[in-house]
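Okay, structure first, notes after.
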Amino acid sequence: MLDIKFIKQNRAQVEALLSKRVDDLDLDKVLDLDVKSKKVTTDLEKLRSDRNQISKQIGQLKRNKEDSTALESDVQKINDLIKEQTEAATSLKENLLNELSKLPNLPDPRVPEGGKENNQVVKTYGEKPVFDFKNKDHVDLCTDLKLIDYERGVKLGGAGFWLYTGVGAALEWALLNYFCTTHFKDGYTFMLPPHLLLNANGYAAGQFPKFAGEVFHLKTEEGDQERFLLPTSETAILNVYRDEVLNEEDLPIKAFAYSPCYRSERGSSRTEERGCIRGHQFNKVEMFHFTKPEDSEAALHELIGRAEQLMEDLGLHYRTSLLAAKDASASMAITYDIEVWIPSMGIYKEVSSISLANEFQARRAKIRFKRKGAKSTEFLHTLNASGLATSRLLPAIVEQFQQADGSVLVPKPLQPWLGMEVIKLP
RNA sequence: GGAAGAGUGGCAGAGCUGGUUUAAUGCACCGGUCUUGAAAACCGACGUACCUUAACGGGUACCGGGGGUUCGAAUCCCUCCUCUUCCGCCA
């Protein structure tokens, strides 16, 4: 969420930046609501102040056994006004918050305008494999090698689910293990969060109300708190410190988590995304930083470097792009995507998204920190990066490393886990 | 699942028969005096958010969350959440 004060004081700048990602930008609405809301609030506080004062006088009169009925009826009148004003103030504040949370984050000046077509490739690693035989797509490869059972997966979970079996399950697990071990060794705090999150966490992360349709909601019995299945562990990690004030020396906090990601993906299934390119459940290791504002730029580069290193260790051909304003998530100031080459599709598919939110997420989740000796608190900066999403890597690995005889070479770092260098046809 | 108890400022802990308590007191932290320095002692400051003011300052809200009673709620009532202890069930 943006700071209404900042919008007020830097209107021209905010308009220039936001128009990169919003077409019909109209700041008048929020600014107007803010003025009205402040006016009503000030009036209301004055009334309350009056009431508090008179009530004290009543207390004094009562203690002295004197008559206070005149004052009591005065307060009664004030209370009627307070009731009216409270309703007005509440509704104005709600509207303001509502309008304010519709605004996306201010894009970083480096971010190109417009949509996808303006994404800038900033790095390419490796080369597209050239096959001197008829290469298969990952669905055929996974089926022939008995890595994934698509049909029985659908039997279990319905469309959009698959079942890892045998070496396939081991390969997926090896990837997750490799990533988690790497982050753990590098001093990141390992977190295994609950997969069912309270709705409050969805609001703080900005998923709700806008993207409420994209997650699985859990119907609960009356009286229970509403929960949803996490769409990414980013939602969980961000909320770990929700409503807290951290000390300067606690920062930076570098954490990572593994969880399946559950997404409803309504209306987004496409034939070219068969197999496990897009499903309702996929595995992802997520890195997260909470930093002081002055340290967030360095953290962004650390995260990009880490995600790229994992790709390079696996030997996969990929590219890194700086996303254009409209292609990136609205809460982020700047986002880089790492995309892996899927030979059968002839395109690159996202396996990591590395983003800097600045204080946008922290403001919404109320995560602050206090500098040593400082009087007041500041919002900290948050960054997140997949490191990495495995369910798209497995298809990339089998496709990029397939051999003429139908076997697949296992990337070096995974060989110890699997106990094999080649996955052969059964 | 059943029963009982409890949730107060960084921590501990009063207040909880409603109104001089603006949330006492202690500890911690911070500033100062003293000291060669430190400790001790003493003095002072010491929550968060928002509104208002050029500034000093003033105001409002917050005692787990929400709602209610009242002129007035940390204090009374309702409800939800969390924790502790005991019983039951259980991977």
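The sequence lines fix the lettering, A, B, ..., with proteins before strands; numbering per chain opens at 1.
Here, rG13(B) and rG2(B) have their P atoms 30 Å apart, quoted to the whole Å. Spacing of P atoms, rC29(B) relative to rG15(B), comes out at 28 Å, to the nearest Å. Here, rC11(B) and rC86(B) have their P atoms 26 Å apart, quoted to the whole Å. As rounded to the nearest Å, rA28(B) and rC46(B) have C1' atoms that lie 11 Å from one another. The separation of rU8(B) from rA4(B), taken at their P atoms, amounts to 22 Å, rounded to a whole angstrom. Nucleotides rA3(B) and rG88(B), compared at atom P, are 15 Å apart to the nearest Å. Comparing the same atom, C1', in rG64(B) and in rG5(B) gives a spacing of 16 Å after rounding to whole Å. If you take atom P in rG58(B) and the same atom in rA45(B), they sit 14 Å apart, rounded to whole Å.
Between the NZ atom of Lys366(A) and the C1' atom of rG47(B) there is a distance of 17 Å, given to the nearest Å. Distance CZ (Arg363(A)) to P (rA49(B)): 12 Å, rounded to an integer number of Å. Across the protein-nucleic acid pair, Asn201(A) atom CG and rG65(B) atom P stand 18 Å apart, rounded to whole Å. Separating the CZ atom of Arg242(A) from the C1' atom of rC81(B) is a distance of 13 Å, rounded to the nearest angstrom. Atom-to-atom, CG of Asp250(A) to C1' of rG10(B) comes out at 12 Å; the value is rounded to the nearest Å. If you measure from atom CD of Gln76(A) to atom P of rC71(B), you get 5 Å, rounded to the nearest angstrom. Atom CG of Leu47(A) is separated from atom P of rC71(B) by 17 Å (rounded to the nearest Å). The interatomic distance linking Leu97(A) (CG) with rA49(B) (C1') rounds to 14 Å, in whole Å.
The shortest distance between the side-chain N/O atoms of Lys56(A) and the OP1/OP2 oxygens of rG18(B) is not below 4.0 Å.
Nearer to the 5' terminus of RNA chain B, by closest-nucleotide assignment, is the contact made by Asp34(A) (compared with the other of Ile58(A) and Asp34(A)). With RNA chain B read from its 5' end, the first of the two nearest nucleotides for Asn79(A) and Arg368(A) is the one closest to Arg368(A).
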- Nucleotide by nucleotide, nucleotides 52-62 of chain B touches protein heavy atoms under 4.0 Å in the pattern (B base, S sugar-phosphate only, - none) -------BBS-

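For Glu297(A) and Arg110(A), the salt-bridge test passes: some basic side-chain N is under 4.0 Å from an acidic carboxylate O. Electrostatic pairing of Lys29(A) and Glu99(A) counts as a salt bridge here, judged by a charged N lying under 4.0 Å from a carboxylate O.
Both key distances under 3.5 Å define a Watson-Crick or G-U pair, and stretches of 3 or more such consecutive pairs in RNA chain B run B:1-7 with B:81-87, B:10-12 with B:25-27, B:30-33 with B:41-44, B:47-52 with B:57-62, B:64-68 with B:76-80.
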- Would you sort out whether Phe290(A) and Phe288(A) count as a ring-ring contact (aromatic ring centres under 6.0 Å, His included), showing the intermediate values? CA-CA 7 Å; Phe290(A) 299 88; Phe288(A) 206 97; 4.8 Å; yes

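Counting only residues at least two apart or on different chains, the salt bridge (Lys or Arg N to Asp or Glu O under 4.0 Å) pairs with a member in residues 322-335 of chain A are Asp23(A)-Lys326(A).
Side chains of Arg227(A) and His217(A): no donor on one and acceptor on the other come within 3.5 Å.
Counting only heavy atoms from C-beta outward, the side chains of Phe179(A) and Leu388(A) approach each other to under 4.5 Å. Residues Gln281(A) and Cys261(A) are not in side-chain contact: their nearest non-hydrogen atoms beyond the backbone lie 4.5 Å or more apart. Side chains of Val351(A) and Glu339(A) form no contact here, defined as non-hydrogen atoms less than 4.5 Å apart. By the 4.5 Å heavy-atom criterion applied to side chains, Met332(A) and Asn384(A) are counted as neighbours. Here the side chains of Ile148(A) and Leu163(A) are not in contact, with every heavy-atom distance at 4.5 Å or above.
A distance-only check finds no donor-acceptor pair linking the side chain of Thr235(A) to the backbone of Leu230(A) [under 3.5 Å].
Taking Asp24(A) as the reference, nothing meets the side-chain contact (heavy atoms from CB on, under 4.5 Å) condition, with sequence neighbours excluded. Remark: Tyr262(A) pairs with no residue by the ring-ring contact (aromatic ring centres under 6.0 Å, His included) rule, at least two apart or across chains.
Contacts of Lys93(A) with the nucleic acid, taken as non-hydrogen atoms under 4.0 Å apart, are absent. Contact annotation for Lys370(A): backbone-only contact, meaning every heavy-atom pair under 4.0 Å involves sugar-phosphate atoms and none involves a base.
Residues from residues 63-75 of chain A with heavy atoms under 4.0 angstrom of RNA chain B, sorted by number: Arg63(A), Glu72(A), Val75(A).
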